[in-house]
Protein chains: 2
Amino acid sequence: MKATSFDIAHLAGVSQSTVSRALSNSTLVNEETRLRVQKIAKEMNYKVDKNASNLRKQRSSTIALLLFEDPSTDDSQINPFFISMLGSITKACSAAGFDLLVSFQNLQDDWHAEYEDSHKADGLILLGYGDYLDYQQKIQHLVQQKTHFVRWGAHDPNHPGISISCNNYQGGFAVTEHLIERGRTRFAFIGDAGSQAPEFMARFNGHIDALSKHNLDDAFMGQLDAIFTEEAGHESATLLFEEDGLPDAIVCASDLIAIGVLRAMRDQGLVCPTDIAVVGYDNIPVSEYTTPPMTTVQQNTKLAGEMLVSNLIKLINGEQVSDQLMPAELIIRSTS
Amino acid sequence: MKATSFDIAHLAGVSQSTVSRALSNSTLVNEETRLRVQKIAKEMNYKVDKNASNLRKQRSSTIALLLFEDPSTDDSQINPFFISMLGSITKACSAAGFDLLVSFQNLQDDWHAEYEDSHKADGLILLGYGDYLDYQQKIQHLVQQKTHFVRWGAHDPNHPGISISCNNYQGGFAVTEHLIERGRTRFAFIGDAGSQAPEFMARFNGHIDALSKHNLDDAFMGQLDAIFTEEAGHESATLLFEEDGLPDAIVCASDLIAIGVLRAMRDQGLVCPTDIAVVGYDNIPVSEYTTPPMTTVQQNTKLAGEMLVSNLIKLINGEQVSDQLMPAELIIRSTS
DNA sequence: CTGAAAGCGCTTACAG
DNA sequence: CTGAAAGCGCTTACAG
């Protein structure tokens, strides 16, 4: 049988209330008593029962991370960018004394609020690309239920709730200016740029505006759709080369797209960056090991994870929180 | 205020006990009553309080996943192989009605059993490479505490508890036979092969035995140490080329090592597979996109995740469970 | 500083 | 098939 606080109380010769206080480091309890109780608890391998404690406190000290994938992609292929955020989220949670519940969701799923309604979690972190329109309704529902949540993604006036993201516009702008400095004169952009992909759209807008700023509007060959995958990048680049002729710089909305573009270039015997410069976005671990190593834009995933967690905890504590926009950083390697 | 089962009972004109029964689909309750209660619960957005329910049932329907990283590696660099397992683990959990708590641990941490002792989880999944000797003591402790856990990794008589893994010996054997069939005659193996890395050692033993079987013992140039990273692979391959001369086939203990080897070859102007064939292990997502695409060995992460979860649940339910060894599959691409 | 008591919201034997 | 009651193991006002 697992020990309870009553057992510890008995062994320590104090009341159960005192045990509870001692183990929560209450200042109400005499230091000597506290130490003695803690020592016995440790010896007995006693741990406070979280279910009982949470039930009484009406708080779970747990955060639920809802990762939703684009349903169009393969099950096993999680966007590596989210993965790197997972590490910093778990660490930020444990530093703040919260446990982390992780769940993969389909946009179709009936996920809304389950966790918080059932008191398994005090709040939710929503992590995913995809068509925000699809789940706008669900977010609305979260707000109605007064669920605490933060969302990773572009600020959007149509979406209530707090969102935290990197400055995608600035990233797209910076990487384009970098290509301009390197003397590139014919640009193509590969990646969805519609309202269903607000991050990609912001990167695209930064791209366009950078060209504009340098009076290079005419240097823009066009934009081709692609979801964030290698396959999509390969397909779009192949199409581009066939139908529109060759640019001398391709700005990609994600690293995986850029990897697909590099493969399409290889297919055609094109050399990077001699023939065409290619830049990605995300700085996923692989981007360092492509041939040649890829120039890309880094989102600070460590900071992002920490912000997501700290802002959610503020929300849980009833504090005021506003949207956050973090700077993006250019990583120059050899594809540009 | 959040609704309780008493509120639902009041609205439905039944007792609270009946509400509880209706919502857990008990056959004890009249179908009509059950449906009515469920309808009202849904309308009121009522969810059973998990803390109360778990406390009463003495079961949390939650599994804790402890990912421990090799402390020698960078924080943000999680082994991609584990990542792909994370997806199938979360899915298997939710299919079985369990929630998943995720935590990153350092081998130094004082992690043992916390989750189960505090009733936050019914059992633990241990996922990590690294030196098993380091945490043998902790595993011993888990066993003493009668904690339910399954471990991903090679079976080891020194480690109590259930372990589940892929057949690393068979994988190393198969990939070596494949290289022999392709006519390779000078082999090197890159990857730690000591008892601190039992998976790598098993792959190495498979490699050696395959050579032996084909009377190619003399074709073995040697084994070089490397942890699972790209950098380690690059470093070892560079050393190999400098000091031992050129093999015509390199078997790597992980895909990341192989990626590092490819880079070292490029540094020296060596062409793969013309000069040297290179094979990896794990079939991580990137391996498909290296130049050239990599021949590797796949561990079935989907099945692995499912096995880990289903075996742990059996353990939780008091059923008998034994170690599992799953087959590895050769993925032939263009580096061999 | 300490203890006795109430109560968090459920599930489930017990009685009918 | 249904209800009244006990109790899971805590935390925290309340009283001293």
Side-chain angles (χ1 to χ4, degrees), chain A residues 1-38 40-41 44-62 97 99 114-122, chain B residues 1-38 40-41 44-62 97 99 114-122:
Chain A
M1 228 23 254
K2 216 144 252 181
T4 73
S5 53
F6 284 92
D7 300 325
I8 307 300
H10 187 73
L11 288 166
V14 295
S15 74
Q16 181 268 339
S17 333
T18 300
V19 171
S20 177
R21 291 196 190 95
L23 294 177
S24 62
N25 287 311
S26 164
T27 52
L28 280 174
V29 66
N30 179 289
E31 166 138 24
E32 192 199 348
T33 317
R34 179 166 61 77
L35 261 31
R36 184 159 43 90
V37 170
Q38 289 179 343
I40 293 172
M44 298 294 294
N45 247 302
Y46 169 77
K47 291 277 168 0
V48 172
D49 185 303
K50 291 278 188 187
N51 291 130
S53 158
N54 292 342
L55 173 59
R56 181 52 232 254
K57 288 199 287 193
Q58 297 289 71
R59 185 192 233 270
S60 64
S61 289
T62 299
D99 285 318
E114 272 283 333
Y115 285 118
E116 188 165 348
D117 282 353
S118 66
H119 287 217
K120 278 223 68 153
D122 300 323
Chain B
M1 227 25 251
K2 216 143 255 182
T4 73
S5 52
F6 284 93
D7 300 325
I8 306 300
H10 186 74
L11 287 166
V14 295
S15 74
Q16 181 269 339
S17 333
T18 300
V19 171
S20 177
R21 290 194 191 96
L23 295 177
S24 61
N25 286 312
S26 164
T27 52
L28 280 175
V29 67
N30 179 289
E31 166 139 23
E32 191 200 346
T33 316
R34 179 167 60 76
L35 260 30
R36 183 159 43 91
V37 170
Q38 289 179 342
I40 293 173
M44 298 294 293
N45 246 302
Y46 168 78
K47 290 279 168 0
V48 171
D49 185 303
K50 291 277 190 187
N51 291 131
S53 159
N54 293 342
L55 173 60
R56 180 54 231 255
K57 289 199 286 193
Q58 297 289 70
R59 186 191 232 269
S60 64
S61 289
T62 300
D99 285 317
E114 272 282 332
Y115 285 116
E116 187 164 349
D117 283 353
S118 67
H119 287 216
K120 278 224 68 154
D122 300 323

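Sequence lines set the chain letters: A, B, ... in the order given, protein chains first and strands last, and positions in each chain run from 1.
A/Leu55 places its CG atom 8 Å from the C1' atom of C/dC10, with the value rounded to the nearest Å. Between B/Phe6 atom CZ and D/dA5 atom P the separation is 11 Å, expressed in whole Å. The CD atom of A/Gln16 sits 8 Å away from the C1' atom of D/dG9 (whole-angstrom rounding). For the pair B/Asp49 CG and C/dG7 P, the interatomic distance rounds to 18 Å; values are reported in whole Å. For B/Arg21 and C/dA13, the CZ to P distance is 10 Å, given to the nearest whole Å. The CZ atom of A/Arg59 sits 16 Å away from the C1' atom of D/dC10 (whole-angstrom rounding). Rounded to an integer number of Å, the gap from B/Glu31 CD to D/dC1 C1' is 13 Å.
Between the side chains of B/Lys50 and B/Thr62, no donor N or O sits under 3.5 Å from an acceptor N or O.
Taking 4.0 angstrom as the limit, A/Thr33 places a side-chain polar atom (N or O) nearer than this to OP1 or OP2 of C/dT2.
Among C/dC10, D/dG3, C/dA5, the nucleotide with an atom closest to any side-chain atom of B/Ala52 is C/dC10. For A/Ser20, the listed nucleotide lying nearest its side chain is D/dT12; candidates were D/dT12, C/dA4, C/dG9.
Counting only Watson-Crick and G-U wobble pairs whose two distances sit under 3.5 Å, DNA chain C takes part in these stems of three or more pairs: C:1-3 with D:14-16, C:5-12 with D:5-12, C:14-16 with D:1-3.
Rounded to the nearest Å, the gap between the P atom of D/dC10 and that of D/dC14 is 23 Å.
A/Ser5 comes within 4.0 angstrom of the backbone, heavy atoms only, and of no base. Contact annotation for B/Ser53: backbone-only contact, meaning every heavy-atom pair under 4.0 Å involves sugar-phosphate atoms and none involves a base. Within 4.0 Å of B/Thr18, counting heavy atoms only, lie sugar-phosphate atoms of the nucleic acid but no base atom.
The one candidate from A/Asp122, A/Asn51, A/Asp99, A/Asn54 that meets the side chain to side chain donor-acceptor pair (under 3.5 Å) condition with A/Ser60 is A/Asp122.
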Subject >> Audit row: A/Arg36, A/Thr33, side chain to side chain contact (heavy atoms under 4.5 Å, CB included) steps and yes/no >> reply: CA-CA 5 Å; A/Arg36 184 159 43 90; A/Thr33 317; 4.0 Å; yes
